[in-house]
Structures are given as structure tokens and as C-alpha cells.
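Below is one structure, written out as C-alpha cells; the observations come after it.
Throughout, protein chains are lettered first and strands after them, A, B, ... in sequence-line order, and every chain is numbered starting at 1.
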Number of protein chains: 2
Amino acid sequence: MNTTELQKVLDGRFAEIRADVRDRLAKEDMTAEPGLSVEEYRALTLANLRKLADSGHPQRGFAGDVGGVVTAFAMLAFADLSLLVKAGVQWGLFGGAVQVLGTSAHHDAYLQQIMDGELLGCFAMTETGHGSDVQHLRTTATYDPATQEFVVDTPDPSARKDYIGNAARDGRMAVVFAQLITGGVSHGVHALLVPIRDDDGNAMPGVTISDCGHKAGLNGVDNGRLTFDHVRVPRQALLNRFADVAPDGTYTSAIENETRRFFTMLGTLVRGRISVAGGAGTATQKALTLAIRYGNIRRQFADPATGEESAVLDYLVHQRKLLPALATTYALHFAQDELVQAMHELQGAGAVPDEARQRELETKAAGIKAVGTWHATRTIQTCREACGGAGYLSENLLPQLKADTDVFTTFEGDNTVLLQLVAKTILSDYGKRVAQLDLAGKARFGAGLVAGFALERTGARALISRGALRDRAYQRYLFVEREEHQIATAAQRMRAALKPGADQFAVFNAAQDHLLEASRAHVDRIVFDAFARAVDACSDAQTKALLAKVLDLHALSVIEAEAGFFTGHAYLTAGRAKAVTHEVNALCGELRPHARTLVDGFAIPEGWLACPMLAGEHDATAAATNPVPTTEEPSDLSAVG
Amino acid sequence: MNTTELQKVLDGRFAEIRADVRDRLAKEDMTAEPGLSVEEYRALTLANLRKLADSGHPQRGFAGDVGGVVTAFAMLAFADLSLLVKAGVQWGLFGGAVQVLGTSAHHDAYLQQIMDGELLGCFAMTETGHGSDVQHLRTTATYDPATQEFVVDTPDPSARKDYIGNAARDGRMAVVFAQLITGGVSHGVHALLVPIRDDDGNAMPGVTISDCGHKAGLNGVDNGRLTFDHVRVPRQALLNRFADVAPDGTYTSAIENETRRFFTMLGTLVRGRISVAGGAGTATQKALTLAIRYGNIRRQFADPATGEESAVLDYLVHQRKLLPALATTYALHFAQDELVQAMHELQGAGAVPDEARQRELETKAAGIKAVGTWHATRTIQTCREACGGAGYLSENLLPQLKADTDVFTTFEGDNTVLLQLVAKTILSDYGKRVAQLDLAGKARFGAGLVAGFALERTGARALISRGALRDRAYQRYLFVEREEHQIATAAQRMRAALKPGADQFAVFNAAQDHLLEASRAHVDRIVFDAFARAVDACSDAQTKALLAKVLDLHALSVIEAEAGFFTGHAYLTAGRAKAVTHEVNALCGELRPHARTLVDGFAIPEGWLACPMLAGEHDATAAATNPVPTTEEPSDLSAVG
């Protein structure tokens, strides 16, 4: 089967810029040798960043091709993740903040230099004492009408800006988030442009810069720490799109409520979160491509019948490690694609802001980033193990993928916090839905719940809800029921918090794991739907049939993983749960011959996959026919090396 | 509560050598700065290896204190895992092979130099083409009666010795595993002592040495590759405890069967596998100590009631990440302790070899190594995430722990292969048990199975098997039932393979995941029992009560993870499964105040835990009282930074 059609489906709407990355960037050497020192790696990454500027991609992003640039950005994970993250800091976070939080004066003064990579900058939000709870960071920007300046200050060690990319080595300016105070009144967190280094690279007066040093991965990115000792910047340094301070110190903002204002500012930065989800997805695709191609040529243990050694990917447990993960990687790819398109339509050139759709985008982005980065960490780990000793050698690329993506689960929003943000939204949406029911509707709704519990108790549900395991409507039914059940029951627990005198913290804390379950069920359903839409949209029959099978494997492996819920709530009997496992195994066998095709569909440039572990691909057939004496060790004990 | 009693229980039988490691080794600086180059790290690790030799611990091992030295060895994971692995290669694998596979001539010639670290060596078993299936490695050792020499040869690239510790830089000799051929007849895999470098460190004639280069972790260990081009070694180079070749080339062995001989030789090397399991356990203890102590001082999000920020370990989801993992780490610690004692009694000074007990030891070692190293990989990953950005900085020690232990799941036996070895043993034991039943017994046995399925169908089982969730007898009942069920049903499927004309490979392959489940259930039960015995043996009432609670958390979190099995097979109703989750949450809350005590019980030297992330422990109380304005963001959205 040729992969052209498959690649077309995967490339989707932004195929043109994907092709440009493959044609032009893949010819530039943008990869890093293993074992570079931190300083060598940082220098190399900066050099590669300049090549990116020359590619014209960043400029396209600032000109409104938001979806295209985020797509191209994610593909950098095929080459080098330090480059991806440094590009994200420079153009996504620093440049993005100047563009969406600043106004024309800032744009005229800085955007061109930022796009061209001449002015390198930082996004200084996180503080040592405040990572997730950024609304309460402690850096202050106090307005002084006498000089019409802001005084930026770090009041205590916990207010130190920490983990800031571009800070340790290359940054000249920083977008600093601080509590804005004027006339003795605090107006909450705002962003200001603060120079941190002069042209010779020396720290500016009052600015102290230190280095986060060696990290688990991403050592090409110069993360550092910033503290400010009463640093003065002009009034115009305030990025004043959403709020401004007059020369006399009068504060004005179109958004009255402080919290709402803060989250409006944050919301414009959703691009970073979506980009991380994209990078996690492409990194996972690369890891699976390496592991599956190795599993095709790596042979271990002889089949007693033939005396011939079997490719490790022919073993069920090896298929089990890689193929369901591959199927879910497909699902997340299409969900990410929809997310990027939604962002493109909402924030791209000529887009009209829409608060409701913006909020929906932020919730989806939070959920897909959390689920996708956890999937990446788990899957890349599995790919490393599936390649045994070879997977532990840096020359075979998997160690760097694992180490670099590890932080994705906790930066650009800690996954646990993000899933709680998702829970908050879906619960309040659920509350609205219930509230909107008329009396009769409420009655039907209540009756439905009662009937549901009855079905559960009697186990009758498993009978009435019986469907073919490969019937997509039945699969979706199970995804939806799980989502609805988790949300409804979580909502019931939350109501207790609204009782007068209730210890809110205690109530919410006791239900925290339940809330995360509701969010996961919600995101699982969204991802399933996105994959299903992609299958339906596929015009090539052969490709469509293959994708439908991949969707079956994804759906049934999720259902298998949640078997505790489905059997416990009488959606599946014990026998049906076993049938699900049997079907997952069967699908692994059916997809095994297409495994190489499915990873080839990602169309990762071969130059970015070259490694000694895959050198054997050329003489794989030769290696295949090394007859080995059979032994008394039965081949059930065979497995991967 | 004081930790002395707790530490006494955890230290167990080998408390004396543990104390010696804490008192003496912890005073030597045996840790490595992050970011060393590969060559710097290798040099440092060799220097630390010499310090270890001076400690006298290796000598104790060779003198028969097998349990003591393995215990001390595992504690090196508190300091530096490269040192642990290099010590394991030098004394466990290389020295161990010379001791247990060689005879007095080899012992007299080499053991003293090996113990003192003057003669550094390799354990050259794994080949590029044969990692797990070592019985079929392709290196040959052909006896030449004319010169009374063995000719060691690498016939093809797949026969290259690969990933060999001590090979790239420091090794002078190697125990080489090769197919022994004499008089044109192959007698299977045997071990020979082959010099690979001269005193100046140059490769010996005919020996080609290359470097595996940079790895995901363990870069202080010089892994390399060896190829042999008709290298001649004297007849006496054969480690001839189990087989010998006479000057005229006559082959003799007390063990007739080739496969049995091979596995007898391998069996003597079980020590390495047990040591890896031990190292994984101590590394996990260190990671949990770091994450839990950080979770005690790291504060994020204000409690709306008090306006005070909460320690992240006060959040249920954070407890959920760390406390069940801590409980299972306790369980594995006691299982490992029993394993080490069994080995000590079987292989220690004055022990009498016992084939049945040796086989049992090997099976336990395989199972605990697999389950323990996977637990380590998962838990250390979780600890990294639980520390957010701080956990990603090398200065805070978690990245090195993660990267170094990552290979544990695939070396010294790939975990998947090991669990299949376990399955093989427990299934054949099960077969014997059934076979031994008399007719009446067989009838009862069959009736029992039938009755079981009836109970399952009717769901009546959940009623008759109802017990208090914290009742240990009830917990054990669930562990045993799961084990018995998985083994019995797996055995039924295996019988199909015995039918004449059955495609063995197909039958075994289709059941491979089922076999792994049976092994996991078996190991889970063994680990549960070991923990329970330790609780019973505890004499201090307060400590015993605390340990009993930790055992409850371990047992119920395993049962919760297997809820799909227990509800699906009608051991638990949906309501009961929810009650298990509720109980796990409750136990997290009850144990949270003791979390610090429980990690202090590991008694890890403070010098090996010192990192900036924990510097705040001294002023934690100060940081605790930073009143923060409450906001409209409800605290249910609070979580870890």
C-alpha cells in the first residue's frame, strides 16, 4: 500500500508548510550530536535558531498564519527539541506576548527584530514560589508619577523569576509579569518590557541573572533566573492592550474584574500550550517510527517449527507495547489538528475575537496538552524499552527524545492543574445544561439518573447496551456514557461545597481525583470524535479502511484500560471485557503488517531518523534467514531482546 | 514518632553492613556533579570504584557474606548509580563468574586482584544479535589439540559482544561466553577468560574494541563492544567448574543435557539480577524521599478559608501520586530483603547447593526484578513530575536517578522475558499440583472450577467473598484468587499447544499477554506476603500499627489497579470497587502526617540528599505563613506547581 494518501490525510490543512519543512529545513543540519557540553549545545541551538529565522516561518506566524507556524514548529521535534523550545520561547512566548499584549508602539519598535531573531527575549512569568498559581506571583511594578516610570522589584527570594528560557545566555529583553501598583493600589498581574542585558551581554543595572544549569534534557535552551532590584522602566514599557496607566498614574482597563482581566491576558497566550501539545505529538511519532522500524528487523528466539528467528514485532506482547500507542498517537494527531485549525480561525489573520469560542479553545487546549504530553512520556518510555539496550544508547536518538519531552507534562501548565481547569469548565457547562431544563425536563433528567442506577444494580444495562465491539456507534456510546457519568457524579459532589459553612477546600480536595477522571473521560471522548471525523473525511477507500481499523484499536484499547469502570458500572460483563481484550489482540495482529506503513505516513525526513540501530534495515532479510537450532526452551518464553 | 524502630525493621538482617555504608562510605565523596563529560565521569567512577575496594566490602562478598555485599551494593544507588553498576560489573558479574564458574586455579590466579580492583574485567555475554536469547549467541571457542588452545572468534557482525561494561576503557580481561566446539562438535555456551588489553591499555592482538559512547544515563560506566579474530587462549582459560576439555580435546561434563548445563551456569549468576532489583529499590526510595520532602515545603494556591497557601502534599492528587507508590516501595523492600536472605543461605559461606531451592530463588529473582524495576521507572518518573520544574533540574538529583535506572527494565534480563520465565515455572508447578491430585481430588478440583464460574455468572461471589477492606485475610484472599484464576486459565490455554500438530508458536504467542498477567498476579501475591510477614515480625507496637496501614495502602492500591479483573470476575461489585478507591484516598489522608517519617525510615545519608530544592526545609514554616489574597478561582483548581 502506498503511503501518499495516508500522508495526505495526516498532513491535513497545513500540508504546504509541512512540505516546506521537509524540503528546506530537513536539508539544513538542525540536529545535535549526543554528549555536547551545555555551552556547546546552547551555541549550536542559537545558530540553528538563526537558520529558522531565515526560513521565514516565524515571520509567517506574525503575519497571521498562526496555524501554519504552530504546525511547522511542532515538526522541529523531528529534528531537535531544544531548538523547538528555544523557538517557542523566542517567537511564541516572548514575541507572542509583545504582539498580543502590546500595542502598535511596541509592535513598531520590536516585532521586526524579534521575528528576525536579532532581538532575543524572555517570557518572565514563573517565579520560584509561584509556578501554577501565577495570579499570585510577587514581583511588583510600582508606578512613579514623578519620573513617569515603573519600578520593577523582586521583594523576596520566592519572587525570583525561575526556569526562564533565553535568560541564562542570550536574552536581551524580558516580558516581565508583575503585580501592577499605582497610587498605592494593586491592579493585579500585568506585563512589562524590561531590558535585562546591554549590547555586550552584561546584565543591566539592578538586574541579577543566574543560570539553572544542567537539566534532564533541553540543554540547548539557556534557562535562567532573574531578580530585579528597583529597576526603572518608562511608562511605555507596559504592554497596554488590556490596561494602561496615564502619566499621572491613573489606571484604566476595559475589563473591570481583575481576575477576568488576568485570564483574558493569559488566554491570548494559549498558542504556547497548543504548540507544546503539538511538539509532544511529533516527538511521539518519531519515537514510534524508530521503535517499530527496529521491531521489524530485530529478531530474537527461533520458532521451533521453522528454526527461524522471529522479528520481535511478530510477538504479541511487543505489538501490545507499540500498536495501541500508535493508534492513540493517530487519534491525538487528528485532535491536535482540529485544535490548531480552531486557533487559526480564532486568532489568525482577519479573525474576529469570540469570547465563548476562545474559552472553548482554551479548555480543549488544556485537556489535549495534558493527555497528549502524558501519552508522549509514557509512549517514548515504552519505545526505549522496546528497543532494549539499543534504545538506551544516545546514538539511537530515543534517550534524547525521552529526556527532552519529560518536562512537557509540567511546563506550559502542570498537567494536573490543567485537567482541573478542564473539570471546572465542563462542570459549570453541565450545571448550565441542568439549570436550563424546565420542570418536566428536570423530572426526566432525574428519572434518567435513577433508571441508570437501576440498570447498573441489576446488570441489565450490559444486555441492553450490547453492540458489536467494532461498531463505532457502540464505541462512542461507551465513551459518552463514561463521560456523562463521571461529570454528573462529580457535579453532585461539588454541590456539597455550595452549602453554607461548607469547608470548600475539604470538599474539593476530597473529590480531586474524581474531577480528574471526569476531565480524562471528557478529553478521551473529544479525541475519539476528532479521529472519527478524520476517518469519515478520508476519500481514499483503502486508506479509509486502514484508518478505521486504527480507530478501532484506539477506541478498544481505551475501553480496555477503563474496564474497571465499564464492568463496575455494568456496561460490560466479565465475558465482554475479555472479548475487548481479545479484540485488541486481534487488531494488533491485523495491523502488524501495516505497522511500517502507518509510521511512514508521518513522513519524517530520513535524515532525522538515521541511526545505527536502523542500519540493519538494508540487510534485514539476510539476518532473517539465520537458522538457529531449536531448543528445549519453549518459544512461549520468547520475547524482545 | 521516632524513626529508630522503623529503620531497624527496614534495615533487617544486614543492618550492620548498612550502618557501615552510612558511617564510612557516606563520608567519602562518591557522588558526581551533573554535566560531566563522558570521559570525566568515567574517570571519576573508576576513582570511586577504588575507594569501594578499600572499604573491604567486595572482599566480604567473595569471603561468603553474599547477602551483606548485595545489600551494601544496592545502597550505592543513594550516592551514584554509575558507581553501583560499575561495581556490579567488576565484582558481581566478572568476579562472580570467575568465582562460581571457575575452579581453584582461576581463583588462585585472579580473585585477589579482582577483589582489590587491580584487575578490571568484563562480562562478555550479550551480543549485538542476541540479547535475551543468549543460549544462541554466535561467538565460537574452538579447541585446537595441536597447541592445546581455544580459538575465540566472532564469525559475523551479529556475534559482536555489545553493551559490555568495563570494555570501552578500563577492562583488562573478559569472561567471554561462546559456543564451545571440540572435535567438530558443539557443546553449547561456555565461559572463557580472555585478555583484551595489555598493561598499557592497548587492545590485545586480534581483539577489536569499540565504544558504545554516550548513553541515556550511567555515563560513568564505560560500555563497549568486543570482536575477536581467531584469538588464541590456553586450554586453562576455560572456566571449568561445570565442564572441561582434556588436552586431547575430550569434552566432559557432570551435566549431560546441554540446555540444563547452560541454565545451571546462568543460575549461579542470579546474584546480578538480585542486585539490580536492590538498586532499583534504593533508587526509588531516594526519589520518593526527595519528592515527599519537597511536597512538605512546596506551597501552592491559597485555601480560601484561611488565605494561607497549602503544602502540595496536602492535596489529594499529590498524595495519590506519591503515597501508594511509597507503600509499594515498602512492600518491595521487604520482598527484596527475603530474596537476599534466601540467596545468602543458598550461596553464602558453608551453604549446601539445593537445585529445587535454587530454581525457586531464580524464579523469585526474575519476578521481583521485573516488577521492581518497572515500579522504579514509573515511580521515579512520577517523583520528577511531582516536583515540577525543580524536578527537571539536575541539581535536584531526580533527573540522574531517572536516566540511570531507566535501563534496569531491560538489562540483566529484559523484564518481559523474565516474566515469561516466571510464567513457565508457575505453570509447570501448577501442572504438577493438578497431576498429583488423586481421582477424588481431580473431581473436587474440577467441581471447584465449575462452582467458581457459576459464582462469577450469578455475581453471588461478591456477596460470599465480602470482607472488611482493611482485613488482611480478605486482602490476601483477593490476591490469591487473582493469582489462581490467572494461572488456571493460562494453563488451560497452554494445553492446546500440546495437541499433536499444534502450531506451538501461534498458541503461545496468542496467550503471551495472559501469561504475563499470571506472572504479575503471582509476584504481587509474593510481595504482599513478604510485607505481611514483616509487619507480623515487628515488635514495636507503634511502628507495627504504622506499617500495617502502609500495607493496607499497598494492598488496596493494587486491588484498585486491578479493579477491572475483580469487578469483571464478580469479586467486587461496582459499589465495593468505589469503596476501595474511597479507602485508598482515606489511607492517603491518614498516612500523610507520617509521610516524612516513612521516608526517614530509609535513613539515606543527608549528604547524598542535599540539593537546592530542599534548602527551603529550614524556613519552611516561614514560607508557610505568607497570607495571599483569596481569589475567584476556587481552590478545587489548586494543585502542584
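Residues A/G35 and B/H214 come closest through the heavy atom pair CA-CD2, 3.5 Å. In plain terms, the two heavy atoms of A/A216 and B/P399 that are nearest each other are CB-CB, 3.5 Å. Nearest approach of B/A390 to A/Y163, heavy atoms of both residues: N-OH, 3.1 Å. Between B/A510 and A/L316, the closest heavy-atom pair is O-CD2, 3.5 Å. The heavy-atom pair separating B/Q300 from A/S132 by the smallest distance is OE1-N, 2.9 Å. Across all non-hydrogen atoms, the minimal contact from B/Q512 to A/V317 is OE1-N, 3.0 Å.
Distance check, rounded to the nearest 0.5 Å: CZ of A/F505 to CG of B/D303 gives 5.5 Å. Expressed to the nearest 0.5 Å, how far CG of A/L393 lies from CG of B/D162 amounts to 7.0 Å. To the nearest 0.5 Å, atoms OG (A/S37) and CD (B/E40) are separated by 9.5 Å. B/K215 NZ to A/N396 CG: the interatomic distance, rounded to the nearest 0.5 Å, is 13.0 Å.
In this structure, no portion of A/L398 lies under 4.5 Å from any heavy atom of chain B. Proximity to chain A is absent for every atom of B/L36, based on heavy atoms less than 4.5 angstrom apart. Neither the backbone nor the side chain of A/A577 has a heavy atom closer than 4.5 Å to any heavy atom of chain B. Both the backbone and the side chain of B/D406 have a heavy atom closer than 4.5 Å to some heavy atom of chain A. Only the side chain of A/R384 comes within contact range of chain B, with at least one heavy atom under 4.5 Å from a heavy atom of that chain. If you measure heavy-atom distances from B/Q381 to chain A, the contacts under 4.5 Å come from the side chain alone. Within the 4.5 angstrom heavy-atom criterion, atoms from both the backbone and the side chain of A/V407 approach chain B. In this structure, no portion of B/T126 lies under 4.5 Å from any heavy atom of chain A.
Ranked by non-hydrogen atom pairs under 4.5 Å with chain B, the options A/T567, A/N219, A/T377, A/L419 are led by A/T567. Between chain A and the options B/A511, B/G391, B/S394, heavy-atom pairs under 4.5 Å are most frequent for B/S394. Ranked by non-hydrogen atom pairs under 4.5 Å with chain A, the options B/F565, B/W374, B/F411, B/F566 are led by B/W374.
Of the possible polar contacts, none joining the A/Y392 side chain to the B/T410 backbone as a donor-acceptor pair under 3.5 Å is found.
Between B/E385 and A/N415, every side-chain heavy-atom pair lies at or beyond the 4.5 Å cut-off. At a threshold of 4.5 Å between non-hydrogen side-chain atoms, the residues B/H569 and A/K578 count as touching. A/T416 has its side chain out of reach of B/Y315: every pair of non-hydrogen atoms, C-beta onward, lies at least 4.5 Å apart.
Other residues, nucleotides and ligands contribute only 12 or fewer heavy atoms inside 6.0 Å of the CD atom of B/E33.
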A/T581 vs B/D513, side chain to side chain contact (heavy atoms under 4.5 Å, CB included): CA-CA, chis, key distance, verdict: CA-CA 10 Å; A/T581 294; B/D513 59 329; 3.9 Å; yes

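In this structure, a donor-acceptor pair under 3.5 Å is present between the side chains of B/E309 and A/H130.
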